[in-house]
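First up is the structure itself, then whatever we jot down about it.
Numbers restart at 1 for each chain; the letters A, B, ... are given by sequence-line order, proteins then strands.
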Protein chains: 2
Amino acid sequence: MGTGKEIMAELPSKFEVLKLGNQLCFPLYACAKEVIKIYRKPLQQIGLTYTQYIVIMVLWEYGEISEKDLGEKIYLDSGTLTPVIKKLEKSGFVKRQRLAEDERFVKINLTDDGIKLKEKAKTIPQALEGNIYLSYDEMKTLYGLLNKALEGINEGRIQ
Amino acid sequence: MGTGKEIMAELPSKFEVLKLGNQLCFPLYACAKEVIKIYRKPLQQIGLTYTQYIVIMVLWEYGEISEKDLGEKIYLDSGTLTPVIKKLEKSGFVKRQRLAEDERFVKINLTDDGIKLKEKAKTIPQALEGNIYLSYDEMKTLYGLLNKALEGINEGRIQ
DNA sequence: CATAATTAAATTGTGCACAATTTATTCTAA
DNA sequence: TTAGAATAAATTGTGCACAATTTAATTATG
């Protein structure tokens with residue numbers, strides 16, 4: 001890259017990184033939107049939106065969880081989560097209950113219907129098949145880089 | 001990867017790809033959100049939202065463009081774009097005008113203020129600095145993979 | 001103990017994002 | 001040439017996403 005000036009053994013200049021960084025944001029944004037769009041129809045057939053799906057996936061994996069812990073796992077605050085979870089409750093997939101030990105917390109559980117949904121959702125990931133033309137290795141690399149980026153962002157927030 | 005069974009020289013099984021594909025969607029979604037969140041404050045200081053920013057960036061690059069062509073470039077339909085562009089018009093950064101040759105089209109132009117904004121926006125990409133811990137090469141790889149994925153999704157849509 | 005600080009959810013208000021429909025204009029084919 | 005198809009924007013309605021504020025409960029401190 002760059003000018004070929006390697007005398008000072010510098011890292012690529014900040015300017016270059018920032019030029020690329022500027023361009024990174026848009027494909028991230030666009031790609032996320034388009035991939036979620038692919039999931040939309042199959043999810044609709046089992047009665048979920050994408051956001052509801054990731055909430056339910058966390059519950060499938062962890063079982064009972066507080067709204068706070070759930071929010072930290074999926075990067076959503078109560079302003080988004082509270083209404084989403086209430087909708088899932090209306091749909092009959094989850095129960096909400098204040099913790100007796102600390103009434104500030106709401107714990108969320110799957111109902112029987114919510115548990116049963118997992119079987120129906122098994123084919124959801126197939127939606128990507130034939131829509132994303134990346135090899136297995138490319139997907140693995142992409143997955144790894146996205147998670148590395150996320151970790152970095154998280155560290156910044158914790159500080 | 002996988003079982004080590006290479007007798008039939010198969011590609012990694014669909015099952016494996018789908019397992020990973022299932023996991024790919026969430027980091028994409030989360031990473032896009034978090035990166036956009038990093039841009040939010042600096043953009044706010046020059047009076048733009050992220051969506052308005054990508055619209056303006058297209059105008060900086062291409063100059064006059066129709067709403068339709070703009071929408072294709074940034075993957076947004078008129079339902080999203082029309083109100084966003086009208087807000088940019090209210091803010092004084094763009095002008096909207098029906099094409100005389102074909103009144104169905106709206107062409108969008110930058111105002112002087114919209115052109116001036118480019119100078120102020122120069123430092124926006126620096127927002128990522130110190131927030132994404134990826135090397136230059138990693139960013140390049142990520143950028144390439146995201147664009148490759150986007151192309152694939154696009155092909156599917158054109159068909 | 002009582003008040004202040006902290007914390008988890010909920011609420012409020014703004015701004016997308018998108019499917020579905022409508023409106024207005026242009027094109028096309030009988 | 002004119003009715004129907006096609007097209008670009010606009011509109012409508014739903015559902016996030018998030019900053020900022022509020023409410024209610026718990027913890028910490030003088």
Side-chain angles (χ1 to χ4, degrees), chain A residues 26 29-45 47-56 65-91 94 96-108 157, chain B residues 26 29-45 47-56 65-91 94 96-108 157:
Chain A
F26 174 67
Y29 156 84
C31 200
K33 274 198 317 160
E34 295 306 304
V35 168
I36 289 170
K37 213 179 282 183
I38 291 170
Y39 274 87
R40 193 157 289 137
K41 260 184 202 165
L43 280 174
Q44 189 176 290
Q45 301 200 317
L48 294 177
T49 64
Y50 181 70
T51 310
Q52 291 168 7
Y53 175 58
I54 61 175
V55 166
I56 291 272
I65 193 171
S66 72
E67 183 171 327
K68 175 185 150 62
D69 290 346
L70 176 57
E72 275 168 13
K73 280 193 194 305
I74 63 180
Y75 301 86
L76 290 174
D77 69 6
S78 67
T80 304
L81 263 186
T82 298
V84 167
I85 296 168
K86 282 185 176 174
K87 254 173 227 166
L88 280 171
E89 194 178 31
K90 265 197 182 176
S91 301
V94 309
R96 279 158 24 91
Q97 194 178 352
R98 292 274 169 187
L99 260 188
E101 311 92 274
D102 189 336
E103 293 270 348
R104 287 172 303 183
F105 288 83
V106 168
K107 68 176 183 187
I108 302 142
R157 313 221 127 214
Chain B
F26 175 68
Y29 156 83
C31 200
K33 275 199 315 160
E34 295 306 305
V35 167
I36 289 170
K37 212 179 285 183
I38 292 169
Y39 275 86
R40 195 158 287 137
K41 259 184 204 166
L43 280 174
Q44 189 176 288
Q45 300 200 318
L48 294 178
T49 64
Y50 181 70
T51 311
Q52 290 168 8
Y53 176 57
I54 60 176
V55 166
I56 292 273
I65 193 171
S66 71
E67 183 170 328
K68 174 185 150 62
D69 289 345
L70 176 58
E72 275 168 12
K73 279 192 194 305
I74 61 181
Y75 300 88
L76 290 174
D77 69 7
S78 67
T80 302
L81 264 186
T82 299
V84 167
I85 296 168
K86 282 185 176 174
K87 254 173 229 170
L88 281 172
E89 195 178 31
K90 265 197 181 176
S91 301
V94 308
R96 279 157 24 91
Q97 196 178 350
R98 292 276 170 187
L99 260 189
E101 311 92 275
D102 188 336
E103 293 270 348
R104 287 172 302 181
F105 288 83
V106 168
K107 69 175 182 189
I108 301 143
R157 312 220 128 216

Inset, instruction - State, to 0.1 Å, how close E67(A) and L81(A) come at their nearest heavy-atom pair, and which atoms those are. - result: O-CD1, 3.7 Å
Inset, instruction - Would you tell me if any nitrogen or oxygen in the side chain of T82(A) comes within less than 4.0 Å of OP1 or OP2 on dT11(C)? - result: no
Inset, instruction - Determine: side-chain N/O of T51(A) to OP1/OP2 of dA17(D), distance under 4.0 Å, yes or no. - result: yes
Legend entry - Length of the CD1-C1' vector between I36(A) and dA17(D), whole Å: 12 Å
Legend entry - Rounded interatomic separation in angstrom, taking NZ from K90(B) and P from dC16(C): 13 Å
Inset, instruction - Among the candidates dT25(C), dC18(C), dC16(C), find the nucleotide nearest to the side-chain atoms of R40(A). - result: dC18(C)
Legend entry - Spacing of D77(A) atom CG relative to dA19(D) atom C1', expressed in whole Å: 8 Å
Legend entry - Residue whose nearest DNA chain C nucleotide is more 5′ - D102(A) or K33(A): D102(A)
Inset, instruction - Please report, rounded to the nearest Å, how far the C1' atom of dA10(C) is from the CZ atom of F105(A). - result: 15 Å
Legend entry - Most 5' of E101(A) and K107(B) on DNA chain D, judged by nearest nucleotide: K107(B)
Inset, instruction - Would you indicate what K86(A) reaches in the nucleic acid, counting non-hydrogen atoms under 4.0 angstrom: base, sugar-phosphate, or nothing? - result: sugar-phosphate
Inset, instruction - Scan L76(A) against the nucleic acid and name what it touches under 4.0 Å (heavy atoms): base, sugar-phosphate only, or nothing. - result: sugar-phosphate
Inset, instruction - State which residues pass side chain to side chain donor-acceptor pair (under 3.5 Å) with D102(B); sequence neighbours excluded, sorted by chain then number. - result: R104(B)
Legend entry - side-chain contact (heavy atoms from CB on, under 4.5 Å) between L43(A) and Q52(A), intermediate numbers included: CA-CA 9 Å; L43(A) 280 174; Q52(A) 291 168 7; over 6 Å; no
Inset, instruction - Rounded to the nearest angstrom, tell me the gap between atom CD in E72(A) and atom P in dT7(C). - result: 12 Å
Legend entry - Rounded distance (Å) that lies between atom C1' of dC16(D) and atom CG of L88(A): 13 Å
Legend entry - Phosphate-side-chain proximity, Q52(A) and dG15(D), N/O vs OP1/OP2 below 4.0 Å: no
Inset, instruction - Nearest whole angstrom, please: distance from the P of dA19(D) to the OH of Y50(B). - result: 16 Å
Legend entry - Side-chain N or O of K37(B) closer than 4.0 Å to phosphate OP1/OP2 of dC18(D): yes
Legend entry - side-chain N/O R96(A) vs dA10(C) OP1/OP2, d < 4.0 Å: yes
Legend entry - Inter-residue atom distance L48(A).CG - Y39(A).OH, 0.5 Å rounding: 13.0 Å
Inset, instruction - For dA8(C), take OP1 and OP2 only and decide whether either is under 4.0 Å from a side-chain N or O of S66(A). - result: no
Legend entry - First encountered from the 5' end of DNA chain C, between V84(B) and P83(A): P83(A)
Inset, instruction - Report yes if a side-chain nitrogen or oxygen of R98(A) is closer than 4.0 Å to either non-bridging phosphate oxygen (OP1 or OP2) of dA10(C); otherwise report no. - result: yes
Inset, instruction - State, yes or no, whether a side-chain contact exists between F26(B) and Y53(A) at a heavy-atom distance under 4.5 Å. - result: no
Legend entry - Cationic N near anionic O, under 4.0 Å, K37(B) to E34(B): yes
Legend entry - Polar side-chain contact S78(A)-dA10(C) base: donor and acceptor under 3.5 Å: yes
Inset, instruction - Look at the side chain of K68(A) and decide which nucleotide, out of dT26(D), dA9(C), dC18(C), has an atom nearest to it. - result: dA9(C)
Inset, instruction - Specify the residue among Y29(B) and V106(B) whose closest nucleotide of DNA chain D lies further upstream toward the 5′ end. - result: V106(B)
Inset, instruction - Remember a base hit wins even if backbone is also touched, and classify T80(B) as base, sugar-phosphate or nothing at under 4.0 Å, heavy atoms. - result: base
Inset, instruction - May I ask you to evaluate whether K87(A) reaches the phosphate of dC16(D), defined as a side-chain N or O under 4.0 Å from OP1 or OP2? - result: yes
Legend entry - Rounded distance in Å - CD (Q44(B)) to P (dT14(C)): 14 Å
